[in-house]
Amino acid sequence: MTQPYIDISPEISASTAVFPGDAPFCREVTQDFPRGDNLLLSKIETTVHIGAHADAPNHYRHDGQGIAERSLIPYYGPCQVVHVHAPRGQRIAPEHLQGKRITAPRILLRTDSYPDPQRWNSDFNALSPELVRMLAEHNVVLVGIDTPSVDLADAKQLIAHAEIYRHDMSILEGLVLHDVAEGTYHLTALPLRLRDADASPVRAVLWKN
Ligand SMILES: [Zn+2]
């Protein structure tokens, strides 16, 4: 039987790369069978921006909502994967999507500019505010990308995040799209209900139509 879905979440472990200076993932076993315990129990410590994750507005705006307050509607439903070819380290402009028709309210951009979730590279692609505006005009409610951020790694002004805030869109970052063909799918990528958190890891999955 062919798999009815594509898992677009990287595996999360201590080897998962995080933004320089951010807290890596760490899992510690607190109880285990070989020690005479009657169960396996563990705890984790990590940046909430680990692996595939949803950013909350309070990550980029002082008065923004935390992730638990956000609607789940953007994270569930019809979704379109679009391949874009932009030079490394550049923001994706509307021109890079020329000839592509936006047909779904959730758009995932495959850039292939951050190829290995275990190895950090800074020259990944990000979104231009113009592209965010164009997507908003097409009634897009969620934009996802296969890089650690919708803004460039060294950006001082988070101009793509700010434009996303302006249009009340939702963000998925850290997706793994290198095997995903262009087309439409059904997305499920629900964030955890973490009070006041600035992001949440998600299990992002594309269900084939
Ligand atoms: Zn993030």
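In what follows, residues are counted from 1 in the order of the sequence shown. Predicted model, so just to flag it, every value in this text is computed and none were measured.
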- Regarding Gln80 and Thr184, is there a side-chain donor-to-acceptor distance under 3.5 Å anywhere?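 No.
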
Do the side chains of [X] and [Y] join up, straight or via other hydrophobic residues, at under 4.5 Å, putting them in one cluster?
X: Val150; Y: Leu109; answer: yes
X: Tyr75; Y: Leu177; answer: yes
X: Leu206; Y: Val202; answer: yes
X: Ile107; Y: Leu187; answer: no
X: Ile145; Y: Val18; answer: no

- Task: Determine the interplanar angle of the Tyr5 and Trp207 rings, folded into 0 to 90°, and report it as parallel if under 30°, tilted if 30 to 60°, perpendicular if over 60°.
- Result: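 The rings of Tyr5 and Trp207 sit tilted, inter-plane angle from 30° to 60°.
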
- Relative to each other, are the rings of His59 and His49 parallel, tilted or perpendicular (30° and 60° limits)?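 Rings of His59 and His49: tilted, as their planes differ by 30° to 60°.
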
Can you see which heavy atom on [X] is nearest to which on [Y], and at what distance?
X: Gly77; Y: Arg106; value: C-NH1, 3.3 Å
X: Pro117; Y: Val176; value: CG-CG2, 4.1 Å
X: Phe25; Y: Ile50; value: CB-CD1, 3.9 Å
X: Leu131; Y: Leu127; value: CD2-CD2, 3.9 Å
X: Ala199; Y: Ile67; value: O-CG2, 4.0 Å
X: Arg61; Y: Tyr165; value: CZ-CE2, 3.5 Å

Any donor-acceptor N/O pair, [X] side chain to [Y] backbone, under 3.5 Å:
X: Asn125; Y: Pro87; value: yes
X: His83; Y: Val180; value: yes
X: Asn58; Y: Asp196; value: yes

[atom1]-[atom2] distance between [X] and [Y], expressed to the nearest 0.5 angstrom:
X: Asp112; Y: His178; atom1: CG; atom2: NE2; answer: 8.5 Å
X: Gln90; Y: Ser113; atom1: CD; atom2: OG; answer: 11.0 Å
X: Asp198; Y: His53; atom1: CG; atom2: NE2; answer: 9.0 Å
X: Tyr114; Y: Ser122; atom1: OH; atom2: OG; answer: 9.0 Å
X: Ile171; Y: Ile164; atom1: CD1; atom2: CD1; answer: 4.0 Å

Holding to salt bridge (charged side-chain N to carboxylate O under 4.0 Å, His left out), I want the full list of residues that pass it with [X], two or more places apart in sequence or in another chain.
X: Arg193; value: none
X: Asp123; value: Arg88
X: Arg27; value: none

- Message: So, using side-chain hydrogen bond (donor to acceptor under 3.5 Å, both in side chains) as the criterion, who are the partners of Glu163 when residues are at least two apart?
- Response: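 Result, side-chain hydrogen bond (donor to acceptor under 3.5 Å, both in side chains) vs Glu163: Arg133, Arg166, His167.
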
- Message: Could you work out, with side-chain hydrogen bond (donor to acceptor under 3.5 Å, both in side chains) as the rule, every residue matching Ser170, not counting sequence neighbours?
- Response: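 In terms of side-chain hydrogen bond (donor to acceptor under 3.5 Å, both in side chains), with neighbours along the sequence ignored, Ser170 is linked to no residue.
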
- Task: Mind running side-chain contact (heavy atoms from CB on, under 4.5 Å) on Arg35 and Val29 for me, showing each step along the way?
- Result: CA-CA 11 Å; Arg35 304 183 196 168; Val29 172; 3.8 Å; yes

Flag the pair [X] / [Y] as yes when at least one side-chain heavy-atom distance between them is below 4.5 Å, and no otherwise.
X: Pro78; Y: Tyr185; answer: no
X: Val84; Y: Val82; answer: yes
X: Arg91; Y: Leu152; answer: yes
X: Leu72; Y: Pro191; answer: yes
X: Val132; Y: Met169; answer: yes
X: Ile6; Y: Val205; answer: no
X: Cys26; Y: Thr46; answer: no
X: Thr111; Y: Phe124; answer: no

- Task: Please lay out, stage by stage, how Ser200 and Val48 fare under the test side-chain contact (heavy atoms from CB on, under 4.5 Å).
- Result: CA-CA 5 Å; Ser200 168; Val48 287; 5.9 Å; no

- Query: Which pairs, with at least one residue in residues 168-188 and sequence neighbours excluded, count as a salt bridge (Lys or Arg N to Asp or Glu O under 4.0 Å)?
  - Reply: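 Residue pairs passing salt bridge (Lys or Arg N to Asp or Glu O under 4.0 Å), neighbours aside: Arg70-Asp168, Lys100-Glu182.
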
- Message: Per the salt bridge (Lys or Arg N to Asp or Glu O under 4.0 Å) rule, what does the pair list look like for residues 141-150, sequence neighbours excluded?
- Response: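 Qualifying pairs, neighbours excluded: none.
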
- Message: If you count every heavy atom of other residues, nucleotides or ligands that lies below 6.0 Å from Leu190 atom CG, does the total exceed 12?
- Response: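 For Leu190, atom CG is crowded (more than 12 foreign heavy atoms under 6.0 Å).
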
- Message: So for atom CD, which belongs to Gln3, do other residues, nucleotides or ligands contribute more than 12 heavy atoms lying within a distance under 6.0 Å?
- Response: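 More than 12 within 6.0 Å, yes.
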
- Task: Output the rest of the hydrophobic cluster of Ile159: all Ile, Leu, Val, Met, Phe, Trp and Tyr residues reachable through side-chain heavy-atom contacts under 4.5 Å, sorted by chain and number.
- Result: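 Result for Ile159 is none, singleton.
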
- Message: Test of understanding: with ring pair (Phe, Tyr, Trp, His ring centres under 6.0 Å), list the residues that count as partners of Tyr60, not counting sequence neighbours.
- Response: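 For Tyr60, the residues satisfying ring pair (Phe, Tyr, Trp, His ring centres under 6.0 Å) (neighbours in sequence not counted) are His161.
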
- With His186 via ring pair (Phe, Tyr, Trp, His ring centres under 6.0 Å) - residues at least two apart: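 Listed in chain order: Tyr76.
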
- Query: Got a sec, which pairs hit side chain to side chain donor-acceptor pair (under 3.5 Å) with one end in residues 7-19, sequence neighbours left out?
  - Reply: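 Qualifying pairs, neighbours excluded: Asp7-Ser9, Asp7-Arg203, Ser13-Ser15.
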
- Verify side-chain contact (heavy atoms from CB on, under 4.5 Å) between Ile8 and Leu108, making sure each step is shown before the conclusion. CA-CA 11 Å; Ile8 55 168; Leu108 306 186; 3.7 Å; yes

For a quick test of your reading: what N or O donor-acceptor pairs under 3.5 Å do the side chains of residues 135-143 make, sequence neighbours left out?
{"residue": "His138", "atom": "ND1", "partner": "Met134", "partner atom": "O", "Å": "2.9"}

